[in-house]
Amino acid sequence: MNKLQIKPRELKIVSVIAATHSIGDAAALLGMAQANVSKYLSDFETRVGLKVFERTTRHLALTQFGEALLPYINASLEKNSQLINFIGDYKHEKRGKVTIYGPTGIITYLARQVVHKIDDIGEISISLKTYNLTANEFFEGVAFPDDCDILITYAQPKDESLVASTLTKYSVTAFASPEYINKHPISHPDDLINHSCILIDSMIIDDANIWRFRSHNGEQILDYKVSGNYICDNTQTALELARNHLGIVFAPKESLQKEINQGALVPCFSHQEEWWLDLVAIFRKREYQPWRVQFVLDGVLNHLRSQIEQATRGRPAPCD
């Protein structure tokens, strides 16, 4: 009996056809001629002795055998990819995937200001994913997603074996639109109990947030329990609500320079401030990182720190 021989290229073609349900679309994604893709598939099915796809003039669907086969194909491709990445990392080749997570504003900021400045990434693919803090993560520690290589956020990691590098500290205080303050005057944090405050989900404790302010002489830190009608999972959304006069938001000063200069948002208190919020980069220890991750991490941190230094001299910095 002849031993069945299967080439990785054939598995890749079957996987892409299954994902696109189209030989034409698969050919376009693979950069191959449609006729060649059809031949690879036909040769594969002939050698296997079973049909992988049912063909009609308009549609391509997996057969029962194809449905059962596909997970094995994808697992084999993943192992092959891991092997290639391992060899590439060992040789310091620029190939493989690096996944960066962060809150909405951070990911937007990285895409706009940082990622394009990492020179010559070769065949490395950088995946940017949004991860806004979930309830209580701000206080209890943030989880590190399984597929994450770099997490930039505002909380310390729950897993103490991870590295947490503080990039900067933000001065955080209360802001509202002039229209809101005109309708609902406020002069001291003690008054917050009577106001609509826009809450952040990750800071929810007993249906409220705790906002922290310094006393006027700066010697005392005071906590205030605030509540309101609106809860957001990121500061960007909360700021939009505040711009529409729906309440008071607790946000970093550095990220609101444009709104402050335009008069869209103003500080609620002239003296009582502020809570210092850490911006933290979280990643695995260097000895446990693939080289491609170290390459991208160094590029992101170097450029991000450079941007933050400029921000502290008057440019807006990122927020979540």
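Any value given below was found using the heavy atoms of this structure, including those in side chains, with hydrogens, waters and symmetry copies removed.
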Colleague: When you compare the side chain of Ser22 with that of Leu60, does any pair of heavy atoms fall below 4.5 Å?
Modeller: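 SC-SC contact between Leu60 and Ser22 ruled out.
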
Colleague: Going by heavy atoms in the side chains, are Tyr101 and Val142 under 4.5 Å from each other?
Modeller: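 The answer is no; the side chains never approach within 4.5 Å.
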
Colleague: Determine yes or no for a side-chain-to-main-chain donor-acceptor pair under 3.5 angstrom, with Tyr180 supplying the side chain and Ser196 the backbone.
Modeller: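 Confirmed, Tyr180 side chain pairs with Ser196 backbone.
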
Colleague: Classify the ring geometry of Phe250 against Trp211: parallel below 30°, tilted from 30° to 60°, perpendicular beyond 60°.
Modeller: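 Correct class here is parallel.
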
Colleague: Would you say the side-chain atoms of Glu67 pair up with the backbone N or O of Leu62, donor to acceptor, closer than 3.5 Å?
Modeller: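 Not a single qualifying donor-acceptor pair exists.
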
Colleague: With a 3.5 Å distance limit and no angle check, can you tell me whether Thr63 reaches the backbone of Val52 through a side-chain donor-acceptor pair?
Modeller: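 Yes; judged by distance alone, with no hydrogens or angles, the pair exists.
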
Colleague: Compare every heavy atom of Leu199 with every heavy atom of Asp207, then report the nearest pair and how far apart it is.
Modeller: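 That would be O-CD1, 4.0 Å.
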
Colleague: Restricting to non-hydrogen atoms, name the atom on Ile181 and the atom on Pro267 that form the minimum distance, rounded to 0.1 Å.
Modeller: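 It is CD1-O, 4.3 Å.
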
Colleague: Determine, step by step, whether Phe269 and Leu192 satisfy the side chain to side chain contact (heavy atoms under 4.5 Å, CB included) criterion, reporting the C-alpha distance in whole Å, the side-chain angles of both residues, the deciding distance to 0.1 Å, and the verdict.
Modeller: CA-CA 11 Å; Phe269 315 117; Leu192 287 168; 4.2 Å; yes

Colleague: Is Lys94 atom NZ crowded by more than 12 heavy atoms from other residues, nucleotides or ligands, each under 6.0 Å away?
Modeller: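 Yes, the 6.0 Å shell around NZ holds more than 12 heavy atoms from other groups.
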
Colleague: What is the minimum heavy-atom distance between Ile17 and Ala26, and which atoms define it?
Modeller: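 Shortest heavy-atom separation between Ile17 and Ala26 comes out as CG1-CB, 3.7 Å.
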
Colleague: Please say yes or no: joined through hydrophobic side-chain contacts below 4.5 Å, possibly via intermediate residues, are Ile121 and Val293 part of one cluster?
Modeller: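 Yes, Ile121 and Val293 fall within the same hydrophobic cluster.
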
Colleague: Any side-chain donor-acceptor pair under 3.5 Å between Arg305 and Ser165?
Modeller: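 Yes.
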
Colleague: What are the two closest non-hydrogen atoms of Arg95 and Ile124, and how far apart are they?
Modeller: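 For Arg95 and Ile124, the tightest heavy-atom pair comes out as N-CG1, 3.6 Å.
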
Colleague: Does the pair Asp43/Lys39 count as a salt bridge with the N-to-O cut at 4.0 Å?
Modeller: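 Salt bridge between Asp43 and Lys39, a charged N being under 4.0 Å from a carboxylate O: yes.
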
Colleague: Look at the side-chain heavy atoms of Ile, Leu, Val, Met, Phe, Trp and Tyr, link any pair under 4.5 Å apart, and say whether Ile193 and Leu246 land in one connected group.
Modeller: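 As far as the 4.5 Å side-chain criterion goes, Leu246 and Ile193 are not connected within one cluster.
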
Colleague: So do the side chains of Arg284 and Leu162 get within less than 4.5 Å of each other, counting heavy atoms only?
Modeller: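 Yes - at least one pair of side-chain heavy atoms lies under 4.5 Å apart.
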
Colleague: Group every Ile, Leu, Val, Met, Phe, Trp and Tyr by side-chain heavy-atom contacts under 4.5 Å, then state whether Val48 and Val16 land in the same group.
Modeller: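 Yes, Val48 and Val16 fall within the same hydrophobic cluster.
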
Colleague: Check whether any side-chain N or O of Asp278 sits under 3.5 Å from a backbone N or O of Val280 as a donor-acceptor pair, and report yes or no.
Modeller: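 Flag not set: sc Asp278 to bb Val280 has no pair under 3.5 Å.
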
Colleague: What distance do Asp191 atom CG and Tyr224 atom OH have between them, rounded to the nearest 0.5 Å?
Modeller: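 Answer rounded to 0.5 Å: 9.5 Å.
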
Colleague: Between Leu110 and Ile152, is the side chain to side chain contact (heavy atoms under 4.5 Å, CB included) condition met? List the steps.
Modeller: CA-CA 10 Å; Leu110 290 178; Ile152 301 177; 4.2 Å; yes

Colleague: I want to check something: taking the side chain as every heavy atom from C-beta on, are Ile282 and Phe144 in contact at a cut-off of under 4.5 Å?
Modeller: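 Heavy-atom side-chain distance check passes, below 4.5 Å.
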
Colleague: Would you indicate whether the side-chain heavy atoms of Ile100 and Val296 approach each other to under 4.5 Å?
Modeller: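 The answer is yes; the side chains approach within 4.5 Å.
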
Colleague: Atom CD1 in Ile221, atom CZ in Arg212: separation rounded to 0.5 Å?
Modeller: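 Nearest 0.5 Å value for the CD1-CZ distance: 7.0 Å.
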
Colleague: Using modelled atom types and a 3.5 Å cut-off, is there a donor and acceptor pairing between side-chain atoms of Asn182 and backbone atoms of Pro178?
Modeller: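 Here the side-chain-to-backbone pair exists.
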
Colleague: State, with a plain yes or no, whether a side-chain heavy atom of Phe139 is found less than 4.5 Å away from one of Ile205.
Modeller: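 Yes, close enough: below the 4.5 Å cut-off.
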
Colleague: Roughly how far, to the nearest 0.5 Å, is CD1 of Ile204 from CG of Leu133?
Modeller: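 It comes to 13.0 Å.
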
Colleague: Test your reading of the model: is there a side-chain donor-acceptor pair from Thr237 to the backbone of Cys232, 3.5 Å cut-off?
Modeller: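 Checking the backbone N and O of Cys232 against the side chain of Thr237, no donor-acceptor pair under 3.5 Å is found.
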
Colleague: Quick one: pull up NE2 in His245 and NZ in Lys183 and give me the separation to the nearest 0.5 Å.
Modeller: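 Between atom NE2 of His245 and atom NZ of Lys183 there are 7.5 Å.
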
Colleague: Taking the side chain as C-beta and beyond, is there a heavy-atom pair between Leu239 and Glu259 under 4.5 Å?
Modeller: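 Not in contact.
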
Colleague: Tell me every residue that passes ring pair (Phe, Tyr, Trp, His ring centres under 6.0 Å) with Phe138, counting only those two or more places apart in sequence or in another chain.
Modeller: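 Ring pair (Phe, Tyr, Trp, His ring centres under 6.0 Å) list for Phe138, sorted by chain: Trp275.
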
Colleague: In the single-linkage hydrophobic clustering (I, L, V, M, F, W, Y; side-chain heavy atoms under 4.5 Å), do Leu151 and Tyr288 co-cluster?
Modeller: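 No, separate clusters.
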
Colleague: Would you say Asn209's side chain and Ile200's backbone share a donor-acceptor pair under 3.5 angstrom?
Modeller: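 It does hold such a pair.
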
Colleague: Are Val163 and Phe295 linked, directly or through intermediate hydrophobic residues, by side-chain heavy-atom contacts shorter than 4.5 Å (ILVMFWY only)?
Modeller: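 Yes; Val163 is reachable from Phe295 via cluster members.
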
Colleague: If only side-chain N and O atoms count, and only distance matters, is there a donor-acceptor pair under 3.5 Å linking Ser202 with Asn132?
Modeller: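 No, no side-chain donor-acceptor contact under 3.5 Å.
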
Colleague: Indicate the atoms forming the closest heavy-atom contact of Ser38 with Ile23, along with that distance.
Modeller: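 Heavy-atom minimum between the residues: OG-CG2, 3.5 Å.
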
Colleague: Please give me the minimum heavy-atom distance between Pro145 and Ala143, naming the atom from each residue.
Modeller: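 That closest heavy-atom pairing would be CD-O, 3.5 Å.
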
Colleague: Starting at NZ of Lys12, measure out to CG of Leu77 and round the result to the nearest 0.5 Å.
Modeller: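 So the gap between those two atoms works out to 6.0 Å.
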
Colleague: Can you measure from CD1 (Ile107) to OG1 (Thr130) and round to the nearest 0.5 angstrom?
Modeller: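 One gets 5.5 Å once the value is rounded to the nearest 0.5 Å.
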
Colleague: Could you walk me through whether Arg286 and Leu297 pass side chain to side chain contact (heavy atoms under 4.5 Å, CB included), step by step?
Modeller: CA-CA 10 Å; Arg286 294 267 178 174; Leu297 175 64; 3.8 Å; yes

Colleague: So, Thr46 side chain and Ser42 main chain: donor-acceptor pair closer than 3.5 Å or not?
Modeller: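 Present.
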
Colleague: Looking at Thr99, is its backbone amide N or carbonyl O close enough to the side chain of Lys129 to form a donor-acceptor pair, meaning the two atoms are under 3.5 Å apart?
Modeller: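 No, the answer is negative, given that no donor and acceptor are paired below the 3.5 Å cut-off.
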
Colleague: Under 4.5 Å between any side-chain heavy atoms of Lys225 and Asp206, yes or no?
Modeller: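 Lys225 reaches Asp206 side chain to side chain.
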
Colleague: With distance as the sole test, does Arg292 use its side chain to make a donor-acceptor pair with the main-chain N or O of Lys97 at under 3.5 Å?
Modeller: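 Here the side-chain-to-backbone pair exists.
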
